[in-house]
Asker: 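So that we are looking at the same thing, I have put the structure below in structure tokens.
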Amino acid sequence: MEPYIIDGKKISKDIKDELKKKVADYKAKGIEITLAVIQIGDDPASTVYVRNKKKACEYIGINSQSYELPGDTSEEELLELIDKLNNDSAVNGILVQLPVPDYIKPMNVINAISPEKDVDGFSPYSVGCLNLGVKGFLSCTPAGIVELLKRSNIEIDGQHCVIVGRSNIVGKPMASLMLNNNATVTITHSHTKNLKEICKTADILIVGLGQKGFITSEYVKEGAVVIDVGIHRDENNKLSGDVDYDDVAPHCSAITPVPGGVGPMTIAMLMYNCVKSAELTQV
Ligand code: GUN
């Protein structure tokens, strides 16, 4: 079977272009949108992510404020900056790139961001809204995956969605979001018994466990939709995911590639949340 390859690059571009148009209309009415991006230290992967986020802001017409703090910044200093940004009405979204250094508690940082500016959707308030199925900022990667499915005309309602991985950033919010979209959801993780058998019952298999090429065709039902959230770089800088693409793809009805699948969607949805934040307070 030739699978339908879900083109995250194209879909994220479509979303960014829709937002660009919206932002231009707001600008014409005098409404500016601003995202504050905070990075502590110079972790190379974080630097790339932050650069891409700022580039996306520029493309869409969102102002980005960049705070590049030294690697020895104290938690107190960071919280002071967040407090200042919370109280700055010109700032619509605040993003602290994770991971933060070991001596800073990520939950203290996430909790410090005002829920109205939590464009990552990581705060307990945002997570609570998602679990309750009420309006709030959605965590960007899971929201991006739902957009990929919907814009590829893949039915979610009534489908059995198996999620591999239970992280706070992907697995758990993904489960809530699929549930809110009327899927039947199973979450699996490193302690799950009979993982292969459970994955084989998935109509939609969403994989984010952080192990390169872990999911082979033995885990996939014929005709399933497979979404790969993993991202791994080999010694030649080649990217691949948690799914063994060449082995799995011939058995799927649709699949996301790595790169060019889920990855570009996270930033598109972050931009979506920034626009939404401005709309909540200014429009
Ligand atoms: N680190 C890895 N992914 C993310 C993300 O989506 N947001 C933030 N703030 N940090 C991250």
Side-chain angles (χ1 to χ4, degrees), residues 8 12 15-16 34-57 62 64-69 71 73 75 78-79 81-82 85-86 91-102 104-127 130 136-148 165-174 176-177 206-210 227-233 239 241-242 258-259 261-277:
S12 72
I15 293 172
K16 285 191 281 187
T34 300
L35 170 68
V37 182
I38 305 173
Q39 182 182 355
I40 305 114
D42 54 3
D43 171 64
S46 289
T47 301
V48 173
Y49 288 133
V50 164
R51 192 189 307 138
N52 288 339
K53 288 171 188 180
K54 289 192 286 200
K55 256 171 50 187
C57 283
I62 293 175
S64 66
Q65 291 181 359
S66 196
Y67 296 89
E68 284 154 27
L69 308 182
T73 303
E75 184 172 307
L78 176 59
L79 297 187
L81 172 60
I82 293 172
L85 297 169
N86 281 339
V91 172
N92 304 100
I94 303 171
L95 181 147
V96 179
Q97 187 63 31
L98 302 175
V100 287
D102 299 345
I104 296 178
K105 290 201 177 70
M107 218 47 230
N108 290 352
V109 177
I110 290 166
N111 266 322
I113 298 171
S114 161
E116 296 93 64
K117 301 190 181 187
D118 174 34
V119 287
D120 258 329
F122 290 164
S123 76
Y125 182 82
S126 300
V127 174
L130 170 60
F137 290 116
L138 296 175
S139 183
C140 302
T141 300
I145 291 170
V146 167
E147 282 298 313
L148 281 181
R166 56 173 157 176
S167 69
N168 288 336
I169 292 185
V170 179
K172 284 190 234 171
M174 191 75 243
S176 296
L177 199 52
I206 301 180
V207 188
L209 80 161
I227 305 291
D228 189 352
V229 193
I231 183 148
H232 308 275
R233 197 178 285 275
L239 294 176
D242 288 349
V258 179
V262 173
M265 294 301 291
T266 302
I267 292 182
M269 299 318 289
L270 172 70
M271 298 296 108
Y272 175 89
N273 279 348
C274 290
V275 173
K276 184 163 135 181
S277 175

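We count ligands from 1, going down the list as the structure has it; atoms in each ligand are counted the same way.
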Asker: Looking only at protein heavy atoms, which one is nearest to atom 1 (N) of ligand 1, and how far off is it?
Answerer: Leu98 O, 2.9 Å

Asker: Can you find an N or O of Thr266 that's nearer than 3.5 Å to an N or O of ligand 1?
Answerer: no

Asker: Consider every N or O of Pro99 and every N or O of ligand 1, then say whether any pair is closer than 3.5 Å.
Answerer: no

Asker: Flag the pair Gln65 / Leu35 as yes when at least one side-chain heavy-atom distance between them is below 4.5 Å, and no otherwise.
Answerer: no

Asker: Under a 4.0 Å heavy-atom limit, does Asp120 contact ligand 1 with its side chain, its backbone, both, or neither?
Answerer: side chain

Asker: Can you check whether Asp43 reaches Thr47 side chain to side chain, under 4.5 Å on heavy atoms?
Answerer: no

Asker: Hey, what do you get for CG (Leu69) to CD1 (Ile40), rounding to the nearest 0.5 Å?
Answerer: 5.5 Å

Asker: Please check whether Val96 reaches ligand 1 - meaning an N/O of the residue sits under 3.5 Å from an N/O of the ligand, judged on distance alone.
Answerer: yes

Asker: So is Met269 touching ligand 1 or not, going by heavy atoms under 4.0 Å?
Answerer: no

Asker: Starting from atom 4 (C) of ligand 1, what is the nearest protein heavy atom, named by residue and atom, and what distance separates them?
Answerer: Gln97 NE2, 4.1 Å

Asker: Quick check on Phe122 - does any of its heavy atoms sit under 4.0 Å from an atom of ligand 1?
Answerer: yes

Asker: Provide the number and element of each atom of ligand 1 under 4.0 Å from a heavy atom of Lys53.
Answerer: 5 (C), 7 (N), 8 (C)

Asker: Could Glu68 and Lys54 be called an ion pair, given the rule that one side-chain N must be under 4.0 Å from one carboxylate O?
Answerer: yes

Asker: Look only at interatomic distance and state if Tyr49 has a nitrogen or oxygen under 3.5 Å from any nitrogen or oxygen of ligand 1.
Answerer: no

Asker: Taking the side chain as everything from C-beta on, heavy atoms only, tell me whether Leu270 gets closer than 4.5 Å to Leu95.
Answerer: yes

Asker: Among Asn168, Val96, Val100, exactly one meets side-chain contact (heavy atoms from CB on, under 4.5 Å) together with Pro106. Which residue is that?
Answerer: Val100

Asker: With heavy-atom distances below 4.5 Å as the criterion, would you say the side chains of Tyr49 and Gln97 are in contact?
Answerer: yes

